[in-house]
Amino acid sequence: MNVTTENQSDCPEVKVPVLVFFTIGVVSLAENLLVVVAVIHNRNLHSPMYCFICSLAAFNTIASLTKTWENLMIVFADVGQLEKTGYSETKLDDVMDSLLCMSFVGSIFSFLAIAVDRYITIFHALRYHNIMTMRRTGVILGVIWATCGVSAVLMVRFFDSKIIMICFVVFFVVSLVIICFLYVYMFMLARIHARKIAALPTSGGGKCRRQRWWGSSMRGTLTLTILFGAFVVCWAPFFLHLIIITVCPMNPYCECYRSLFQLHVLLLMSHAVIDPAIYAFRSAELRNTFRKMLLCSDWMQCS
């Protein structure tokens, strides 16, 4: 998304080589496609949580593909094969901006869906399979993708309006607050439940089974908390950039921060590289699926 303006401060603009952007885009594209294929192929991963993770990886794939294509366009423009301000190029840039907005909004909604799924898993375990059916999961994903597509087109169409930019930033902040509240609330209740389990009589295997189930559920919640933390760290500088454009566009100190715009975009793109690494590190099932896909010569037959 083109949100840069002419730098009139004494701070030189930090430039990141196009090759770096291109490399990160290709790596993240390959990683997230691997996650999507793994979830589709492995029937053990056909659960609501992994469907939402697959959706998150799909949105990351869109972001990676968009930025990779955008960097290719920059290369072609630099060698004179494309006009930077041509009609077709401008329309294509709008399409790529729409896809990037779609990937961001989709990531936020995916994290919200995952947080709610984790909450139901932990605190309504007996009713979980009645509440989070695969049919309802499909409906939720359909609503997420449709909403993201419409909102992305609207945001890019009217992005020159400060109201749209403010709404974009407010959506980011409010979503962060809601997700953080859900995770904090879950961990607070988790401490109470853990104490109750510890206070149960030690005879029989019921306590051990509860502890194993509780440990597994909390491990999944911790993994998703790490994913959300990585998302905040990678996207927050970009949104601070948007806030600065709106609040103090001509302030020299603000312009010094804006001179780091390409680093903010690089950090934003790195998020799509970090997520699959977290999946592989935290999920044994995904890790085994990745290993089979990468090492087995006929991975479709490997099980």
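Each residue takes its place number in the sequence, starting with 1. These numbers were taken from a predicted model, which means no experiment stands behind them.
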**Report entry** From CA spacing to verdict: side-chain contact (heavy atoms from CB on, under 4.5 Å), I144, F59
**Finding:** CA-CA 11 Å; I144 288 175; F59 283 119; 4.1 Å; yes
Report task. May I have the step-by-step check of side-chain contact (heavy atoms from CB on, under 4.5 Å) for F52 and I140, ending in yes or no? Result -> CA-CA 9 Å; F52 293 134; I140 292 171; 3.9 Å; yes
Query raised in the report: Please walk me through it: do F228 and L176 pass side-chain contact (heavy atoms from CB on, under 4.5 Å)?
Result: CA-CA 9 Å; F228 178 65; L176 292 190; 3.6 Å; yes
Query - Step-by-step side-chain contact (heavy atoms from CB on, under 4.5 Å) determination, S107 to N60 - result: CA-CA 8 Å; S107 296; N60 283 340; 4.0 Å; yes
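F104 and H271 have their aromatic ring centers separated by at least 6.0 angstrom. The distance between the ring centers of F238 and F172 does not fall below 6.0 angstrom.
Rounded to the nearest 0.5 angstrom, T68 OG1 and F21 CZ are separated by 11.5 Å. Between atom CG of residue L19 and atom CD1 of residue I24 there is a gap of 10.0 Å, rounded to the nearest 0.5 Å. Atom OG of S55 and atom CZ of F109 lie 11.5 Å apart (nearest 0.5 Å). Atom CD1 of I114 sits about 10.5 Å away from atom SG of C51, to the nearest 0.5 Å.
The backbone N or O of N130 sits less than 3.5 Å from a side-chain atom of R136, completing a donor-acceptor pair. Listed for the N32 side chain is a donor-acceptor partner under 3.5 Å among the backbone atoms of S28.
H124 NE2: more than 12 foreign heavy atoms inside a 6.0 Å radius. For CH2 of W69, the number of neighbouring non-hydrogen atoms (other residues, nucleotides, ligands) closer than 6.0 Å is 12 at most.
Annotation for Q262 and V14: closest pair CB-O, 3.7 Å, computed over non-hydrogen atoms. Nearest heavy atom pair, residue Y257 against residue H241, reads CE2-N, 3.9 Å. Closest approach of A272 to S64, counting heavy atoms only: CB-OG, 3.5 Å.
Of the options V35, L286, I53, I40, a side chain to side chain contact (heavy atoms under 4.5 Å, CB included) to L45 is made by L286 and by none of the others.
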